[in-house]
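Chain letters run A, B, ... following the sequence lines, proteins first, then strands; residues in each count from 1.
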Protein chains: 2
Amino acid sequence: MEQLGTHRHGDRILGGDRQSCGECEIRDLTFCSVLTAEEMARVRACRTEVKLPAHHTIFHEADEADHLFNVTSGVVKLYKLLADGRRQITGFLFAGEFLGLAANRTYAYTAETVTEAKLCRFSRRRLEKLFDEWPHLEKHLLGIAASELIAAQDQMVLLGRKTAQEKMASFILMMSERAEARGQDGNPVTLPMNRADIGDYLGLTIETVSRTLTQLKNKGVISLMGSGHILLSKPDDLGDLAEGF
Amino acid sequence: MEQLGTHRHGDRILGGDRQSCGECEIRDLTFCSVLTAEEMARVRACRTEVKLPAHHTIFHEADEADHLFNVTSGVVKLYKLLADGRRQITGFLFAGEFLGLAANRTYAYTAETVTEAKLCRFSRRRLEKLFDEWPHLEKHLLGIAASELIAAQDQMVLLGRKTAQEKMASFILMMSERAEARGQDGNPVTLPMNRADIGDYLGLTIETVSRTLTQLKNKGVISLMGSGHILLSKPDDLGDLAEGF
DNA sequence: CGTCGTCTTTGATGTATATCAATGGTCAAA
DNA sequence: TTTGACCATTGATATACATCAAAGACGACG
């Protein structure tokens, strides 16, 4: 049985598993897609698969950064806290996405599951040895880091300069586009996180998120279909709103 | 004579130069610090040094990302624009810092000098060949990207969740710390950019930047010494304000 | 199939920051 | 030394969003 992060409200950690890289359904979404059979075997050796319930902390900000993770199913959020509890979510991660990059020896943010999730957990130490042997893996990681940097800059524009409506429209569109990039349906789009998480991602309060969604609904650009499903009735108009037209 | 970016208000581009890596005063601040003599020679071969006047565009968002740059002196800002002209500055770069990382083939932001500045300009194509030969260079670049990612996340917290006073205090402290990291004096600290740039970096207006500075002055934590110089009278109190205590 | 707890929506009010407007500094050129 | 352009400061007012408060929804569980 895997120990990973802290256990809140007595959640049970579901078992680890070392078998299943071969059947991995999302391999072509991950950095595993660039591995040869030989590399794959070596990577598998420093890997454990863990299954976590919803709302479970994977690691805390300032923990020793001993592991890297790949989300294989479910949704994960990353966040930082201010002293008084104000929270900024810096990203949501879906199947195929990567977390754990750290500049120092410690994590710079807390990672927590939004839904039940499975993750591949890699030993940083052992993975780094592989990187030394196969530099193209590191090259791939640099590509991932560069993309994340671009996304971070877009998020700065959103947080610093967009209105609540523009933020909300951008968010819905981004979620839709990312679902399609994973091969899922982008319309209607599923928002697996609650209003508090959306607010902490967009720099808004719960109430403003809710009100802004009703505004978009009243404008006829979206329909709220319940349990986190949103229909994009006029995707182009939503795009215009996102960019401030 | 070097052509680089666009020329605004008829600025003259000051001459390029291929000689001076040996005398480079800031080499140990840059990624050149990890180079052997042989590597250095090869890197120098794909390098041009350019000197630019203040307020000169180095490259535009969506330009072909043919070059990487290292700031050797002066200050550079990176920004993105919304359709109606709203601007978010995503970073200021000082001597020793790196720009031009791009996920796609095009730059994701505009880069512009704040002061007169010198930059080492590298051909991306040729530099990438070197990276293939010497993977430790790529490893170093990955480290840089990881640090920038951490910084970007801190900036998201600032933009999404901090008050004007906390933003301003954080900014002054960051500028002070970065000056010290470059071996310059961190107190008094020099802010080479104008109020508009500070506002566009912090998600505030010019007026709010100005008012917030006067507030901090009236609290006695800083003194405004004219022409962009600020004395940190009570650095610890400023730190508390930055974190929301 | 009701009840409880949690999440979401909606309403009333407050406030931090933006906007609009004017004045004051500073520096370079005349 | 004066002029003019630009930038920073300060004041008055507006507003987008936050905060405080209550009422609905929804799902889990007995």
Side-chain angles (χ1 to χ4, degrees), chain A residues 8-11 53-55 77 82 84-88 114-116 158-169 171-172 190-218 222-230 241 244, chain B residues 8-9 53-55 82 84-88 114-116 158-172 190-218 222-230 241 244:
Chain A
R8 304 196 325 178
H9 10 280
D11 285 337
H55 312 299
K77 68 189 174 200
L82 290 174
D84 61 358
R86 277 173 291 170
R87 186 176 69 148
Q88 179 65 41
V114 172
T115 62
E116 177 178 285
L158 179 146
L159 291 169
R161 289 302 183 208
K162 288 191 179 179
T163 65
Q165 231 181 64
E166 289 161 358
K167 287 176 175 181
M168 206 60 236
F171 179 69
I172 295 168
T190 308
L191 303 185
M193 66 293 290
N194 62 23
R195 300 288 184 258
D197 284 347
I198 297 175
D200 283 345
Y201 183 62
L202 300 178
L204 300 170
T205 59
I206 295 177
E207 295 93 330
T208 301
V209 170
S210 183
R211 273 187 253 270
T212 308
L213 282 171
T214 4
Q215 280 170 34
L216 293 177
K217 186 185 69 182
N218 292 340
I222 60 167
S223 304
L224 305 175
M225 303 168 74
S227 66
H229 295 274
I230 294 184
L241 285 175
Chain B
R8 304 200 323 181
H9 8 282
H55 312 299
L82 290 175
D84 60 359
R86 277 174 290 171
R87 187 177 68 150
Q88 180 66 40
V114 172
T115 63
E116 178 178 285
L158 180 147
L159 290 169
R161 288 304 182 207
K162 288 191 179 179
T163 65
Q165 231 180 63
E166 290 161 359
K167 287 176 175 181
M168 206 60 236
S170 305
F171 179 68
I172 295 168
T190 308
L191 303 186
M193 67 292 290
N194 62 23
R195 300 290 184 258
D197 284 347
I198 296 175
D200 284 344
Y201 183 62
L202 299 178
L204 301 170
T205 58
I206 295 176
E207 294 93 329
T208 301
V209 169
S210 184
R211 275 187 252 270
T212 307
L213 282 171
T214 3
Q215 282 170 31
L216 294 176
K217 186 185 69 180
N218 293 339
I222 61 167
S223 303
L224 305 175
M225 304 169 72
S227 67
H229 296 274
I230 294 185
L241 285 175

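To the nearest 0.5 angstrom, A/Thr205 atom OG1 is 12.0 Å from A/Ile198 atom CD1. Note that CG of A/Leu216 and CE of A/Met168 are 7.5 Å apart. Values are rounded to the nearest 0.5 Å. Residue A/Lys77 holds its NZ atom at 9.0 Å from CE of A/Met193, rounded to the nearest 0.5 Å.
The nucleotide whose nearest atom lies closest to any side-chain atom of A/Leu204 is, among C/dT9, D/dT9, D/dC17, D/dC17. For B/Thr205, the listed nucleotide lying nearest its side chain is C/dT19; candidates were D/dT9, D/dC17, C/dT19. Each of C/dT9, C/dT19, C/dA12 was ranked by its minimum atom distance to the side chain of A/Leu224; first place goes to C/dT9.
As judged by a 4.0 angstrom heavy-atom cut-off over every strand, A/Gly203 is placed among residues touching the sugar-phosphate backbone only. Using a 4.0 Å heavy-atom criterion, one finds that B/Ser227 contacts no nucleic acid atom at all.
At least one side-chain nitrogen or oxygen of B/Thr214 sits closer than 4.0 Å to the OP1 or OP2 atom of D/dT10. Between D/dA8 and B/Ser210, no contact under 4.0 Å exists linking OP1 or OP2 to a side-chain N or O.
Side-chain atoms of A/Glu207 come within donor-acceptor range of the base of D/dC20, with a qualifying N/O pair under 3.5 Å.
Distance CG (A/Asn194) to C1' (D/dA25): 15 Å, rounded to an integer number of Å. Rounded to whole angstrom, the span from the CG atom of A/Asp200 across to the P atom of D/dA18 amounts to 11 Å. The distance from atom NZ of A/Lys167 to atom C1' of D/dC17 is 9 Å, rounded to the nearest whole Å. As rounded to whole Å, 16 Å separates atom P of D/dA8 from atom CG of B/Leu216. Rounded to whole angstrom, the span from the CD1 atom of B/Ile206 across to the P atom of D/dT10 amounts to 15 Å. The CE-C1' distance, from B/Met168 to C/dT17, rounds to 15 Å in whole Å. Between the P atom of C/dA16 and the NZ atom of B/Lys162 lies a distance of 18 Å, rounded to the nearest Å. Remark: P of D/dC17 and CG of A/Leu202 are 12 Å apart, rounded to the nearest angstrom.
Rounded to 10 degrees, the angle separating the terminal axes of the helix from C/dC1-D/dG30 to C/dA30-D/dT1 is 30°, with each axis obtained from five end pairs.
Between B/Leu204 and B/Arg211, the closest side-chain pair of non-hydrogen atoms is not below 4.5 Å. Side-chain contact check for A/Phe171 versus A/Leu191: some heavy-atom pair is nearer than 4.5 Å. Here the side chains of B/Ile230 and B/Leu213 are in contact, with some heavy-atom distance below 4.5 Å.
One N or O on the side chain of B/Ser170 and one on the backbone of B/Glu166 form a donor-acceptor pair closer than 3.5 Å.
Nearest-nucleotide assignment on DNA chain C puts the 5′-proximal partner with A/Arg195, out of A/Arg161 and A/Arg195.
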